[in-house]
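Chain letters run A, B, ... following the sequence lines, proteins first and then strands; every chain starts at 1. Here the structure is a predicted model, which means the values were calculated and not measured.
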Amino acid sequence: ILNVEQSPQSLHVQEGDSTNFTCSFPSSNFYALHWYRWETAKSPEALFVMTLNGDEKKKGRISATLNTKEGYSYLYIKGSQPEDSATYLCAFWLYSGGGADGLTFGKGTHLIIQP
Amino acid sequence: GAGVSQTPSNKVTEKGKYVELRCDPISGHTALYWYRQSLGQGPEFLIYFQGTGAADDSGLPNDRFFAVRPEGSVSTLKIQRTERGDSAVYLCASSLGGTGGYSPLHFGNGTRLTVT
């Protein structure tokens, strides 16, 4: 059983503040790490797909880093805005043998931006 | 272009009944995934298709659950003898596939199944 742990489970942040949260995953047989944003009443939306140790990805005010050797990824949001309120999911893709076995998701970090 | 389409968006059924949930992926996406999300949990993997075949069905909880993708496009998730514990949001996603992992998943809006 793969364990993908996300912390914190929920987070309240003041509008304008920056924040970050963590995704931990098994460090062996790494293949890819995905981040998704899931807003209420919408479907999850891909933010980043990260594959290489030391990867850093950026999309507007949101960025992510990846450390495959120690098994963690950080998601950063700079200058939080109300529209950033969502559940942020990370998902780990395990490589095994001749192919990949699908994504295992964490439980998510529920981010609430307070005006 | 059209995204991933799931029907119905909501389904209420009685315990013991049979239900079918449909997913229409993005055209050209060879990989298709079914996930289930219960309250307070992240999406739980059920099954993954590459083309017409199930590449990994290890997430199906028991033999009441079955999924097909006969022509490599639309997929149907079938649940027999539904139980109250099957109540959840069932998410479908598709991706370009290939070796997997490197392509982001595109999700549908989900089907909310309620078993009474």
Does any non-hydrogen side-chain atom of Pro43(B) lie less than 4.5 Å from one of Leu89(A)?
-> yes
Quick one: do Ile77(A) and Leu66(A) end up in the same hydrophobic cluster if we chain Ile, Leu, Val, Met, Phe, Trp and Tyr together by side-chain heavy atoms under 4.5 Å apart?
-> yes
Contact winner vs chain B - Ala41(A), Ala91(A), Pro44(A), Ala46(A), heavy-atom pairs under 4.5 Å = Pro44(A)
Among the clusters formed by ILVMFWY side chains lying less than 4.5 Å apart, do Phe49(B) and Ile26(B) turn up in the same one?
-> no
Is atom CD of Gln9(A) surrounded by more than 12 heavy atoms (other residues, nucleotides or ligands) closer than 6.0 Å?
-> no
Donor-acceptor contact present, side-chain Tyr36(A) to main-chain Leu105(B), <3.5 Å | yes
Taking atom CZ of Phe66(B) as the centre, does the number of heavy atoms from other residues, nucleotides or ligands within less than 6.0 Å exceed 12?
-> no
Could you tell me whether Glu71(B) atom CD has more than 12 heavy atoms of other residues or ligands within 6.0 Å of it?
-> no
Max heavy-atom pair count under 4.5 Å with chain A, selected residue of Gly110(B), Ala93(B), Gly108(B), Ser58(B) | Gly108(B)
How far does OH of Tyr102(B) sit from NE2 of His34(A), to the nearest 0.5 angstrom?
-> 10.0 Å
Measuring from Lys107(A):NZ to Ser38(B):OG, what's the distance to the nearest 0.5 Å?
-> 10.5 Å
Given the options His106(B), Glu44(B), Gln37(B), which has more heavy-atom pairs under 4.5 Å with chain A than any of the others?
-> Gln37(B)
Heavy atoms from other residues, nucleotides or ligands near CD of Glu83(A) exceed 12 (cutoff 6.0 Å) | yes
